[in-house]
Student: 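Take this structure, written in structure tokens, and hold onto it; I'll ask about it next.
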Amino acid sequence: MATAQATATSSKTHLTLRGSTAIVSDFFNFSVQSILYQRGIYPAEDFRPVKKYGLQMLITTDDGLETYIGDCLKQVERWIEAGELTRLVVAIVEKESGETRERWQFDLEVTGKESEQPASSSAPPAPGSKKTDAQVKAEIAAIIKQITASCTFLPVIEEECAFQILAYTNSQLSEPVPLEWQDSDARLIAEGQAEQVKLRSFSTAIHKVDAVVAYRRGEEDE
Amino acid sequence: MSDNKFMPTRQPRPSYLSQQGGSASSSSAGPSTSRLAAPSAAGASRFGFRAPSAGAPPSSSSAAPAGGVTATPLGKRTVSNTSLPDHANGVGSAPPSSAKRPLTSTSTPLRSSRPPSPSSTQQLSTIKSQYESRLLLSQQSYDGLEDAYRKLATEVERLKSERRELAEEWARVKEERAAEQREWQQEREKLRSQVNQERAARSEAEEELQGAAEDAARQRQDSQAELNELRVRLGRAEAEKAELQGRTQMDEDRRRRDAERLSQEMSTNQELEAKVAELESKVASSSASPSKDAAVERELHRILAHSRQLEGQVATLNATTTSLRKQAEGNAVLKEENLLLRNKVDSLTTLQSRVVELEEHQERRQAEEKAWDEFLAQPNAFSSKLEADAAMSAGDVDGDLPTLPLAPQPIQRASLPAYLCNLRGLVSGLLTRSQILSSKITSARQRQESLESELEGKEEEVRQCKRQEAEANDKVVELQRVKAQWEEENRRYRGLLKSYEEQEKRDGEASKAEAAAASIKRDEDQEMEDAQATPAASAAHLERISLLESELEHKRSEISSLAQQHEEATHQLKSSHLAAQQEVESLRSDLLVLQRENERLDTALGKAEERIGLGHFDQEKYRCLVLKQNPVDVDRDLRTKTMNRIKGENEELVKRVEDLSRQLAEAGSSAAATAPVDGNGDAAAAAGLVPAATVSNLRTEIASLTSQLALKDKTLLRLKQVYTSKASEFRSAIQSLFGFKVRFLENGAVRLNSTFARSTSRATSLVFASEEGGVGRMKLTGEAAKDLSLANVPHLREYWLAEGGMRQSVPCFLAALQLELYESTTQAVRGAWAVPDADEEEE
């Protein structure tokens, strides 16, 4: 019985836009929290472990942070569902100087048929259009593992830092931008000091997410 | 097992017999040997004899000088003859007879061979008597052994009977046990059935109870529902009552108003009547005088008319009042409606004002936006030039990739258009550049493909030419070979001709010519030889030679033409090969150019990807949005606020200092100057020195610190609670695992109270205090210290903790003590049939 259920779960495929959106949004949530924990933006005791994607993940217990991420991702999910989100960026900014130290960039591409985006029409059909949830989860787990492993090459953050979630959308949105949101600058890393490392990507039947981390090179590295 | 144990007593009998026989034979070895000497002598005639051995018995040796011819048969034979199993049938009687028989049988031949002499007879008789005595002895020993055997047999029989008895008893006991077990089983079954019945009864009772509970619940629900209904009804009735009360109140008010009005009217009437009466009395009093009468009458008339008029007015007023009252009732309703409407109107007005405000705002925004749009879209000569420049510089394919212009900080109306124009120009230039490059790439690819296909064609041609060349070479070789053959043949023919001519010259004989022809044309057939033999042969020869020569000439010309052809073909091939090589070279150079172009485009693509990776994006197509309340902005706002606050405080402090210094300068007196520097000046003066901003800042800081303190207190309290619960958990775990209640005393010692005690007040208690050098002190109190029967503490101490002992283990001592305490306390409980203490019950 249990085996049959497990098989059914592993072979389940999310073909709908809503299911794919939920997977992507869930990934954003866990990856953002993982980045915050791994980069030490918030103290380690503000996180508690949970089991997700077959890994031991950490999610925050700080109410303010939880509310901020929840509010952000709620709107982001709406934009993903409308096919209007193209990129999500977690910018880590130095509190003292306001300079950007790291930019974790997740490019979202709509590859499925339900998309109305003109850009996706020319795109080839997704190679993993028949992927099962288990395969997608394995891909996501690989990215999370890379995020965890990236601490080994990223410069150590010693200054006090805060973070921002930036959402890149189409300029012509179907609905007006909510009052809680405003336009922002892209929080780019200073010219000539940036390095970037491409991370893995994952795809569902409808979306494809590419990840890349750009960081400010340490002074001694130049 | 028991059978095996008992059975062997029967089995070994033959072996015992044989052993007995063996022992008998061995014990009587000497006599039997001597006894069998005679019969063996009887068999000597048949089997031969051998010389008597040195170890022969004395009887035979003594017989040898007497008989002269004595012989001893082989021992084996004697043993087989005397072995007892042959006489197994007659244990008691057979051996004597068999022992005697040989003597009688052997005596006869001895007697027959030699006449009996008196000495031999005597000797025989002595021997006989000896044998008989020996026989008797052996018989006696045999009898003794027989008796022993019988005794053993009876013993065995007795043991067997005992065993039988035991087995019977065992079986009996077993049966009894089985019967008991059966009884127990039956009893158990009975009890089980009783338990089942009890269970069934209990379940029935439970079901009944449950049913009753359900009924009660249902009834309760019903009653609750009824109660609710009644409450609802009550509420409704109360509402009706309130309504009725309101109505009654209204009626009462109306009635009261009516009554008041009536009383007013009545009082007016009364006043009028009083006036009338007064006037009448006046009239009556004044009726005496006729002059006054007329005036009074007039007055009266006037008054009466006036009163009538008043009455009419009152009636009309009454009617008006009733109508007005009705109108007033309607008016009240209208007023309420009016009030409602006024409220609505008010809210609408506020909404309208808000809408107007918003519209104005929106218009302002739109106008602003429009102005911006116009401003940005305004074709400016300078901006278009800038844009064109940027587009030119970006669109220049040969130039380097342009860098993105830095955004002006802050963005202003003056600096923005130039930035935007730059960006626009850059984007359009980059677009044109990418289009040009892509078209170039496609054309280069097409060209590359065409060149490659052409190259392939040329290579194919080259291969064909080479093939042709090889064929031509083969042909040339073949022709040269043919030429060589022809030349050889020609040479030979020439030699032949020469020899012919010489021969003809020499002798002119046909026969020789024939011989020469035969020698030359060995390969030709016989007919030709015959023909050559004739004189006509020389003509034929000549003809043939001329033919051959002409053919040779023809072949030569052919060879020369072929050589010429070959040279031409080679020349052509070489020229085509050179052309192909040149073409290949040009294609290669094209390919190199294309590859360089490709590499350049790849690097451009890599740079573009890098820019995308770093976060650059097309601001016309996409927007970058952020939640207003994000950690970075919140932190920045907080910092800005703090900074402003501190700046304000600083300014005020600076101002204050300036004031003070000015005051000091103005005062000029040293007394006034020293007063504030005293340090502990009065509070009022000190308070006057501190600016309000500082106070408010300090208050904010105090408030934040107080809140932090409260948080810390809360955390401390939580920690305390957690530690207390964990400590009690730890102690209870130790108590349930090791049977000791642990208490840590203030002086660092540890007190252990054993849970095994006859009463909790006198429980055995141990206090451990550690000292320096890994040594500790132990103090034992409680019932175990007083009562040695409870636990032999001195012994345990001696065994486990003795100084210089091998063990010296406190845990083992404690465990042993616990064991003994457990034994004693539980025995005490069992022995006294006492109810254990509460603590022990818990255990």
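Lettering of chains follows the sequences in order, A, B, ..., and the numbering in each one begins at 1. Every heavy atom of this structure was used, including side-chain atoms; hydrogens, water molecules and symmetry mates were not.
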Student: Give, as side chain, backbone, both or neither, the part of Val177(A) having an atom under 4.5 angstrom from any heavy atom of chain B.
Tutor: side chain

Student: Could you list all the side chain to side chain donor-acceptor pair (under 3.5 Å) pairs where at least one residue sits in residues 33-44 of chain A, not counting sequence neighbours?
Tutor: Asn29(A)-Gln33(A), Arg39(A)-Glu102(A)

Student: At a 4.5 Å cut-off on heavy atoms, which part of Gln182(A) comes close to chain B: side chain, backbone, both, or neither?
Tutor: both

Student: Which atoms of Gln196(A) are under 4.5 Å from chain B, going by heavy atoms: the side chain, the backbone, both sets, or neither?
Tutor: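 Just its side chain gets close to chain B.
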
Student: Go through the side-chain N and O atoms of Ser203(A) and Lys131(A) and say whether any donor and acceptor fall under 3.5 Å apart.
Tutor: yes

Student: Does any backbone or side-chain atom of Val89(A) lie under 4.5 Å from a heavy atom of chain B? Answer side chain, backbone, both or neither.
Tutor: neither

Student: Do the side-chain N and O atoms of Glu94(A) and Ser97(A) include a donor-acceptor pair separated by under 3.5 angstrom?
Tutor: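 A donor-acceptor contact under 3.5 Å links the two side chains.
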
Student: Quick one: are Leu614(B) and Glu191(A) in side-chain contact, heavy atoms under 4.5 Å?
Tutor: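 Leu614(B) does not reach Glu191(A) side chain to side chain.
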
Student: Let me know if Glu620(B) has heavy atoms under 4.5 Å from chain A in its side chain, its backbone, both or neither.
Tutor: backbone

Student: Heavy-atom distance under 4.5 Å to chain B: side chain of Ile165(A), backbone, both or neither?
Tutor: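 Backbone of Ile165(A) only, per the 4.5 Å heavy-atom cut-off to chain B.
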
Student: Between Asp210(A) and chain B, which part of the residue has a heavy atom less than 4.5 Å away: side chain, backbone, both or neither?
Tutor: neither

Student: Regarding Glu652(B) and Thr694(B), is there a side-chain donor-to-acceptor distance under 3.5 Å anywhere?
Tutor: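 Per modelled atom types, Glu652(B) and Thr694(B) side chains form no pair under 3.5 Å.
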
Student: Which atoms of Ala162(A) come close to chain B, meaning under 4.5 Å heavy atom to heavy atom: side chain ones, backbone ones, both, or neither?
Tutor: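 Backbone plus side chain of Ala162(A), per the 4.5 Å heavy-atom cut-off to chain B.
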
Student: With chain B, which of Glu96(A), Glu195(A), Gln75(A) has the greatest number of heavy-atom pairs at distances under 4.5 Å?
Tutor: Glu96(A)

Student: Students often mix this up, so state it plainly: with edges at 30° and 60°, are the rings of Phe27(A) and Phe202(A) parallel, tilted or perpendicular?
Tutor: perpendicular

Student: Less than 4.5 Å apart, side chain to side chain, heavy atoms only: is that true for Val634(B) and Asn630(B)?
Tutor: no

